[in-house]
Amino acid sequence: MTSPTAPGLTSTVVRLKLSLLRNGLRQSGGRRAAYIASAVITLLFAALQLLGLIALRGHAHAASLVVLLTAVLGLGWAVMPLFFPSGDETLDPTRLVMLPLRPRPLVRALLAASLVGIGPLFTLLLLLGSVISVAHGTAAYVVSVVAVVLALLVCVALARAVAAANIRLLTSRKGRDLAVLSGLVIAVGAQVVNFGAQRLGSSGLAQLDPVYEVLRWVPPGTAIGAVDSASEGSYGVATAQVALSIAALVLLVAAWARSLTRLMTAPDGSTSQAAESGVRERGTSSGPARLLPAGRTGTVMERSLRYIWRDPKTKAAWVTSLAIGLIVPVFNALQGTGSIYFACFAAGMLGIQMYNQFGQDTSAFWMVAMTISSSRDAYAELRARALALLLITLPYATLVTVLTTAMLGDWPRLPEALGLSFALLGAMLATGAWTSARFPYSIPQEGYKNVAPGQAGLAWIAIFGGMVAAALLCAPVIALTIWLNVSADGDAWTWLLLPVGAVYGAAITVLGLRLAAPRTAARLPEILAAVSKG
């Protein structure tokens with residue numbers, strides 16, 4: 001059998017991409033509505049960005065901004081396959097290994113198919129706005145046409161090359177754990193953008209000039225840099241930048257083709273490597289486990305810690321909470337608008353992990369349910385899970401509070417900030433144990449949803465209702481903190497808030513666990529049915 005010609009293969013793969021998109025939208029009305037809503041919002045945002053970039057036309061430092069924007073777009077395309085490997089089914093070339101296709105025609109076909117979608121259209125609009133903002137003169141407009149095409153192709157080829165080079169990892173169960181970092185990247189990225197925007201608003205675009213001098217020689221920023229160089233009459237520099245963009249595209253396509261050839265001809269050895277890695281991991285993980293308490297408490301703690309380390313959904317929730325708990329107080333302190341009380345975000349974000357404790361077990365909860373025959377058993381189970389969380393949350397909340405205090409230089413308020421954090425953590429552990437028994441819900445193991453269909457209401461009640469209850473439980477410590485800060489000689493006694501908050505947090509945790517234990521033992525069948533739904 002002979003392979004299809006390049007034009008026929010290209011049109012076939014493009015039609016395949018459109019069919020995958022169309023059939024995916026036909027699966028359910030909710031998925032179709034979500035896709036349309038996301039497309040409208042994305043394109044509206046892109047249109048506003050396009051207008052904003054056009055408004056920069058004539059600004060002395062517009063080139064510095066648009067070259068940086070292009071570099072960020074390229075970075076986004078590079079990391080997208082790592083964090084969202086299932087976002088585009090055509091990113092996986094291993095689906096085509098049994099077909100009689102040559103790598104070079106396949107590269108052209110997949111490259112054309114990659115230009116279909118919301119992402120490429122969003123990128124195209126931003127690139128158009130970028131070249132319009134810096135293009136002046138006939139030569140610059142001619143270069144702009146080439147620059148937009150080159151920049152878009154470099155972004156798409158970069159994503160494909162990264163996906164092809166890592167597809168064996170990304171399609172494995174261990175590799176899909178990379179997606180848990182998406183929450184961290186989004187959280188950090190949002191704060192970095194916010195921080196950068198505030199700095200630019202106060203200092204102007206001129207401070208981007210040193211970055212521009214570097215990025216205009218780094219593809220895909222070289223394409224937009226060529227337009228700016230042509231506008232200034234530096235045709236030699238513009239030619240060199242265009243040549244560098246073309247060279248980057250050729251190298252990326254060559255690396256992509258080489259990865260495709262290896263994928264379609266070489267055996268897959270990732271399974272044996274993963275097995276060996278798993279053996280080594282199991283061999284080394286028994287060491288720290290010996291430090292845990294004996295009996296049921298240690299067993300449950302080890303199981304909970306293994307969930308945090310190995311289960312993708314549990315790990316994703318922890319990574320996001322750890323990131324936001326640190327980012328909010330630290331970035332506010334860096335901006336000079338922070339307060340030491342923002343350090344309580346760490347305790348609050350990590351305390352959320354106590355909610356829906358049984359949902360992370362999914363259908364395997366039946367094995368836990370078989371070991372619970374009384375309120376005493378339920379209390380031991382909940383207490384061990386809370387202790388496993390405290391192994392991480394207590395030192396982390398303390399570290400974030402001390403770091404925030406050091407950045408603000410407000411050391412006299414450290415005891416009260418720690419006291420409030422410990423009290424809040426205890427209150428969230430208490431309410432989390434109760435809501436885990438009263439409002440359990442299933443966490444789907446596949447996809448990016450964290451709640452099974454039909455249980456969204458339970459999740460909202462459990463999380464937000466529990467957080468409100470935790471805030472009310474902290475009211476005595478909050479009131480004491482306010483009273484000591486407003487009273488005339490209260491500053492001399494604020495150190496008492498640390499032991500008071502710690503004791504109060506421990507007491508409210510024990511009380512919450514004891515109140516949740518009878519309900520847990522009584523509702524085991526309902527809990528099992530709820531968490532097994534997904």
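The figures here come from the full heavy-atom set of this structure, side chains too, leaving out hydrogens, waters and symmetry mates.
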Rounded to the nearest 0.5 Å, the CG atom of Leu305 sits from the CG atom of Leu389 at a distance of 8.5 Å
Would you check, one step at a time, whether the test side-chain contact (heavy atoms from CB on, under 4.5 Å) holds for Leu326 with Tyr396? CA-CA 9 Å; Leu326 177 65; Tyr396 187 79; 3.2 Å; yes
Are side-chain heavy atoms of Leu53 and Leu69 found at a separation under 4.5 Å? yes
Show the nearest heavy-atom pair for residues Thr404 and Ile340, with the distance to one decimal. CG2-CA, 4.3 Å
Do side-chain atoms of Ser231 reach the backbone of His136 as a donor and acceptor pair under 3.5 angstrom? yes
Could you give the distance from NE2 (His59) to OG (Ser133), rounded to the nearest 0.5 Å? 11.0 Å
Find the distance between CG (Leu215) and OG1 (Thr222) and round it off to the nearest 0.5 Å. 10.5 Å
Between Ile224, Val227, Leu124, which is the residue that forms a side chain to side chain contact (heavy atoms under 4.5 Å, CB included) with Val148? Leu124
Between Tyr307 and Thr314, is there a donor-acceptor pair closer than 3.5 Å when you use the side chain of the first and the backbone of the second? no
Check whether any side-chain heavy atom of Ile327 lies under 4.5 Å from a side-chain heavy atom of Phe345, and answer yes or no. no
For Ile118 and Ala39 the tightest heavy-atom approach is CD1-CB, 3.3 Å
Roughly how far, to the nearest 0.5 Å, is CD1 of Ile41 from CG of Leu44? 8.5 Å
Specify the closest pair of heavy atoms between Ala140 and Ala230, including all atoms of both residues, with the distance to one decimal. CA-CB, 3.9 Å
Quick one: does any side-chain atom of Arg216 pair with a main-chain N or O of Ser64 as donor and acceptor, under 3.5 Å? no
On a heavy-atom basis, which atom in Val400 and which in Gly325 lie closest, and how many Å separate them? CG1-O, 3.6 Å
Closest non-hydrogen contact found for Leu125 with Ala46 is CD1-CB, 3.6 Å
Would you say the side chain of Arg413 lies within less than 4.5 Å of the side chain of Thr405, judging by non-hydrogen atoms? no
How close do Pro120 and Leu115 get, heavy atom to heavy atom, and via which atoms? CB-O, 3.6 Å
Would you indicate whether the side-chain heavy atoms of Val134 and Val67 approach each other to under 4.5 Å? no
CG-OG distance between Leu50 and Ser130, expressed to the nearest 0.5 angstrom: 9.0 Å
Taking the side chain from Ser245 and the backbone from Ala223, do they hold a donor-acceptor pair closer than 3.5 Å? yes
Atom CG in Leu424, atom CE in Met467: separation rounded to 0.5 Å? 8.5 Å
Side chains of Ile132 and Tyr141: does their closest heavy-atom pair fall under 4.5 Å? no
Is a side-chain donor or acceptor of Tyr212 paired with a backbone partner of Ala63 at a separation under 3.5 angstrom? no
Would you mind reporting whether Leu244 and Pro219 have side-chain heavy atoms less than 4.5 Å apart? yes
Could you walk me through whether Trp411 and Val402 pass the side-chain contact (heavy atoms from CB on, under 4.5 Å) check? CA-CA 9 Å; Trp411 292 105; Val402 172; 4.2 Å; yes
